[in-house]
Number of protein chains: 2
Amino acid sequence: MSLYTIGQASEEVDLTPYTLRYYEKEGLLPDVTKDSAGRRKYHDDDLQRIGFIKCLKGTGMSLKQIKEYGDLYEQGKAKFKERNAMLEEHREKILQEIKTQKKYLKMVEAKIEMKI
Amino acid sequence: MSLYTIGQASEEVDLTPYTLRYYEKEGLLPDVTKDSAGRRKYHDDDLQRIGFIKCLKGTGMSLKQIKEYGDLYEQGKAKFKERNAMLEEHREKILQEIKTQKKYLKMVEAKIEMKI
DNA sequence: TCTTGACTTAGAGTTAACTTTAACTGTTAG
DNA sequence: CTAACAGTTAAAGTTAACTCTAAGTCAAGA
C-alpha cells in the first residue's frame, strides 16, 4: 500500500489524527494531498517525513524549530548548508543530552543502592 | 555557608526563585524553614533534594510523580520498598530513553551524511 | 433508503510547568 | 531617615503541544 487515510497514517506513525492535522496546520507537513471528497491522503514520503519529525521532536527540538528546518528543506539544495548546520547543531545537543541522561542514570542508581 | 536565601539558592541550583516557590507550593519541598521576617532559608539538604528533583525531572518524571516519590520519602523506611520500586522503574525508563536517543542520533547523523 | 462511521472545518478547551503581577513587608547602605 | 532591594502572598497570565467539540459531508453496507 502507498496511500493512507488519516486514520491509517495515525496508526502507522503512532500519532493521533488530531496531532497530524495540528502538525499540518502548523506548517510541518506541507502538500498533504486530498481526495475528491476532501479527505487527506498520506503518501509513503509523508510518513517518512513524519518519522523524522518524531525523531527531531523526541530529541527535544520544538515544533517551531522543526518547521524552520522543514521550510529550509522545501527550498531544496539552495538551503542545504543552513539545513545541515541546523542538524549538526542538533546532533551536538543530542550527544550532550545522552551524556546528561547517563549522569542522571548514575544518580538514580546510586540512590537505589543507598538503601535508606 | 549552609543557609541560603531564595536568591542564593536559585543561583546554586540554577532555577528561578519563582520556580522554587512553585515547587514548594506543589509540595515537592516540604519543611522549607523561614526566618523571623518570613523569608525562606534553604539548607544544604534542601539543595540536595532540589538536585535530585532536577535529576528526576530531567529524565522525564512529571512533577506529580516526583511529589509522589517525595511523599514516600517523607514516610521514611516504612515506604522504602515502594520508593525503591519507583526508582527502579524509572531507571528502566531512563535506559530505554538513552536507547531511543541513540537511535535518533543515528537518524540525524544519517541525514547529515545524506548530503541532499 | 437509511444509518453508520470515518472523515472535514474552525475554534474552544486542556494540561504541565512555569512566570508574572500587584500590593505589600522587612533589611541595609548612604 | 529614606531609598533601594530582596523578599512575601494570592492569583492571574503565558506557552507549547496537543485534544476535543460541534456541526457538517460523504461513501458503503443492510
A:Thr33 and A:His43 side chains, donor-acceptor separation under 3.5 Å: yes

Below 4.0 Å: OP1/OP2 of D:dG7 and any side-chain N or O of B:Thr5: yes

Donor-acceptor under 3.5 Å (A:Lys106 side chain, A:Gln101 main chain): no

Transitive ILVMFWY side-chain link A:Phe80 to A:Tyr69, under 4.5 Å: no

Residue pairs, two or more places apart or on separate chains, that pass salt bridge (charged side-chain N to carboxylate O under 4.0 Å, His left out) and touch residues 20-39 of chain B: B:Glu24-B:Arg40, B:Asp35-B:Arg39

A:Arg91, A:His90, A:Gln96 screened by side-chain contact (heavy atoms from CB on, under 4.5 Å) with A:Ile94, the one that passes: A:His90

Protein-nucleotides 26-30 of chain C N/O pairs under 3.5 Å:
none

Rounded interatomic separation in angstrom, taking NZ from A:Lys64 and C1' from D:dA16: 11 Å

Electrostatic pair B:Arg49-B:Asp45, nearest N-O below 4.0 angstrom: no

Atom pair distance, as rounded to whole Å: CG in A:Asp35 and P in C:dT8: 9 Å

Test log, rule side chain to side chain contact (heavy atoms under 4.5 Å, CB included), inputs B:Leu95 and B:Lys99: CA-CA 6 Å; B:Leu95 283 168; B:Lys99 257 188 160 175; over 6 Å; no

Whole-Å distance separating the OH atom of B:Tyr42 from the C1' atom of D:dT8: 12 Å

Listed partners of A:Glu82 passing salt bridge (Lys or Arg N to Asp or Glu O under 4.0 Å), at least two apart: A:Lys79

B:Glu24 CD - C:dA17 C1' separation (whole Å): 17 Å

Members of residues 53-63 of chain B that approach DNA chain C, where some heavy atom sits under 4.0 Å away: B:Lys57, B:Ser62, B:Leu63

Interatomic distance, B:Leu15 CG vs C:dA17 P [rounded to whole Å]: 13 Å

Step-by-step side chain to side chain contact (heavy atoms under 4.5 Å, CB included) determination, A:Leu105 to A:Glu109: CA-CA 6 Å; A:Leu105 175 62; A:Glu109 286 176 337; 3.8 Å; yes

Euclidean distance, atom CD1 of residue B:Ile6 to atom C1' of D:dT9 [Å, nearest integer]: 12 Å

Nucleotide nearest B:Tyr23 when distance is taken to its side chain, options D:dT9, C:dC7, C:dC18: C:dC18

Sequence neighbours left out, cut at 3.5 Å: what donor-acceptor pairs do the side chains of residues 9-16 of chain B make with other protein atoms?
unit_1: B:Ser10; atom_1: OG; unit_2: B:Gly7; atom_2: O; d: 2.9
unit_1: B:Thr16; atom_1: OG1; unit_2: B:Tyr18; atom_2: N; d: 3.4
unit_1: B:Thr16; atom_1: OG1; unit_2: B:Thr19; atom_2: N; d: 3.1
unit_1: B:Thr16; atom_1: OG1; unit_2: B:Thr19; atom_2: OG1; d: 2.8

Value in whole Å for how far the P atom of D:dA6 lies from CG of B:Leu20: 16 Å

Tabulated below should be each protein N or O lying under 3.5 Å from an N or O of nucleotides 19-23 of chain D; please produce it.
none

Value in whole Å for how far the C1' atom of D:dA17 lies from CG of A:Leu29: 15 Å

Short side-chain N/O contact to D:dG7 OP1/OP2 from B:Arg40, under 4.0 Å: no

No-hydrogen, no-angle side-chain donor-acceptor test under 3.5 Å, A:Tyr4 and A:Asp44: yes

